[in-house]
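The next block holds one structure in the form of structure tokens; read it before the comments.
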Amino acid sequence: MTKRTVVTMPGDGIGKPVLEEALRVLDAVGFEADYVHADIGWEFWVNEGNALPERTLKLLKEHRLGLFGAITSKPKDKAGAEISPALKDKGFVYYSPIVGLRQHFNLDLCIRPCRSFKGNPLNFIRRKGDGFEEPMVDVVIFRQNTEGLYAGVEWTDPPPNVREALGTHKKFARFADVKGDDLAVSTRIFTRQACNRIVREAFEYAKKFGYKSVTICEKPNVIRETSGMLEFEAKKVAGDFPGINLWSTNIDAQMMWLTKNPEDYGVIVAGNMFGDIVSDGFAGLVGGLGFANSANIGKDCAVFEPTHGSAPKYEKLDPPIVNPIAMVLSSCMMLDHIDETDKAKAIRDSIAKVIADGKVRSYDMMKLRGGPDAIGQGAATTTQVTDAIIANL
Ligand code: NAI
Ligand code: MG
């Protein structure tokens, strides 16, 4: 196997320590790679007016494989107020660099596995009869990553031709008299090609890993055109996968059922917004943000990241106390992607053992309040959790 080059983008806050720990684990499992650092995040917005510098795009274009930590993101106005004085009022507009990255490289598939580890004190527990039961969840969410409500086609005070176009729809009549600044429109755009690709990839994944069902989680009874298109394509594709059931749920009902029968679901497909919601929902059943890992996969490039953010509350804590497992599991997804599946499995097994042994636990696993006191209360540091993973390899 040729030596890989991986672009590392630690970003902001806790993205930095967790990415460093993931690299230690990759080293320990014998994965040989060259790592090239790439800039992304808040300081590049403040100092350059661009949180996702051109040089970072260039590196990813060249090497096509990236590990990303987390970034700090703020609303447009707040970001504008914090840009360095020299760049103020020069026309710079803030955009989330991770959303930008997904769109720039058309990383249209977001895959978020949510699997319980045995012995994780954060696992979901359900009442049964006089006692409790702990269903093992093994769900993989396929979230469309580049379209839908996050595509960014939106206006406050839409220009006249947009208003005019909206006016051609009879349901717009109720809004026709709303004055300029009082009207905000965010569009939800789906394309057939992207719908088809994500459902096909989801079915392929289900087939490869032995999942019995693919569930489309949308809202086709109300959002008929876009949710409807995804469902339509799913029905078409399902015909090519005879052994796998196609199910359909509504996002709201799915969130309610989450705690009823999460173990019944296998692969779930949703648009950008609902995929974001349902994946957080399932992640909550298997340990939350400290465990939530993900892959952003396009045809030419793939970036792997924990789904948590930069956790500014904890970024100044030294030593860091956040859970590195979400980032380490994300790097396992990278290993799977480049067919280093044995190494990925070795890491996952060793994480499973650390959790089952229960001796080394970060503050979240101990259900402590995060903060400087956590270590005194018995929580392991970020580094100690990693050390324990490495010791099992
Ligand atoms: P967050 O994910 O950064 O943190 C929320 C809370 O979750 C933390 O305060 C902490 O209690 C817990 N947490 C997060 N990661 C953890 C870990 N590895 N181990 C243990 N506990 C962990 O979300 P928040 O506070 O909403 O956003 C903070 C910043 O991060 C914002 O600027 C936001 O825009 C950005 N963000 C970036 C994301 C990304 O880079 N992909 C995703 C989500 C938020
Ligand atoms: Mg999210």
Side-chain angles (χ1 to χ4, degrees), residues 8-22 25 38-46 51-52 56 66-79 81-82 94-103 107 110-112 120-122 143 145 150 272-273 275-277 279-280 283-284 286-296 303-317 319-331 351 354-355 360-375 379-386 389:
T8 54
M9 296 165 279
D12 301 307
I14 66 162
K16 293 177 187 169
V18 294
L19 183 48
E20 215 168 281
E21 301 296 353
V25 176
D39 296 335
I40 192 166
W42 196 248
E43 70 175 281
F44 306 100
W45 160 250
V46 171
L52 178 59
T56 297
L67 284 173
F68 170 74
I71 46 91
T72 296
S73 195
K74 296 187 187 176
K76 216 166 62 176
D77 301 353
K78 255 188 148 173
E82 289 185 38
Y94 180 80
Y95 295 101
S96 158
I98 182 64
V99 175
L101 206 62
R102 291 168 187 154
Q103 288 172 356
L107 306 176
C110 176
I111 307 177
R112 296 184 166 180
N120 185 349
L122 300 175
R143 166 193 179 195
N145 221 12
Y150 294 7
N272 215 334
M273 169 95 262
D276 204 3
I277 293 171
S279 61
D280 273 15
V286 301
L289 289 173
F291 293 83
N293 54 115
S294 77
N296 303 284
V303 174
F304 302 83
E305 55 158 333
T307 66
H308 63 71
S310 60
K313 269 201 299 200
Y314 303 138
E315 72 177 327
K316 297 222 159 61
L317 287 187
I321 60 158
V322 290
N323 191 345
I325 290 177
M327 182 78 233
V328 176
L329 287 172
S330 304
S331 51
I351 292 173
V354 171
I355 295 169
V360 181
R361 284 180 169 164
S362 48
Y363 83 92
D364 53 327
M365 277 191 267
M366 296 184 68
K367 304 182 190 181
L368 295 172
R369 272 182 89 90
D373 302 335
I375 295 172
T381 64
T382 307
T383 303
Q384 285 167 336
V385 175
T386 315
I389 296 169

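Both counts, for ligands and for their atoms, begin at 1 and track the order of listing. Quick note: numbers below take in every heavy atom, side chains included, and nothing from hydrogens, waters or symmetry partners.
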Note: A374 and I321 closest approach over all heavy atoms is CB-CD1, 4.3 Å
Which heavy atom of V328 sits nearest to which heavy atom of I351, and what is that distance? CG1-CD1, 3.9 Å
Please check if the distance between the ring centroids of Y95 and W45 is under 6.0 Å.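 Centroid separation for Y95 and W45: 6.0 Å or greater.
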Quick check: [X] and ligand 1, any N/O pair under 3.5 Å apart?
X	value
G309	yes
G69	no
T72	no
I14	no

Those atoms of ligand 1 less than 4.0 Å from some heavy atom in [X]:
X	answer
A70	40 (O)
N323	17 (C), 18 (N), 19 (N), 20 (C)
V322	17 (C), 18 (N), 19 (N)
T307	42 (C)
E305	41 (N)

Using atom types as modelled and distance alone, determine if a side-chain donor or acceptor of [X] lies under 3.5 Å from a backbone N or O of [Y].
X	Y	answer
D12	W42	yes
N323	S362	no
Q103	G100	no
R143	N272	yes

Are Y150 and D276 linked by a side-chain donor-acceptor pair shorter than 3.5 Å?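 Note: Y150 and D276 side chains meet the donor-acceptor criterion.
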Donor-acceptor pair between N293 and R112 side chains, under 3.5 angstrom: no
Which of these, E315, M365, H308, has its nearest heavy atom closest to atom 14 (C) of ligand 1? H308
Could you see which bit of [X] sits under 4.0 Å from ligand 1, with heavy atoms only: side chain, backbone, both or neither?
X	value
M327	neither
K313	side chain
P306	neither

Does ligand 1 have any atom that is closer than 4.0 Å to a heavy atom of A326?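 Flag not set, A326 not near ligand 1.
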Looking at ligand 1, would G370 count as a contact under a 4.0 Å heavy-atom criterion?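 No.
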salt_bridge(E305, R102) N-O dist < 4.0 Å: yes
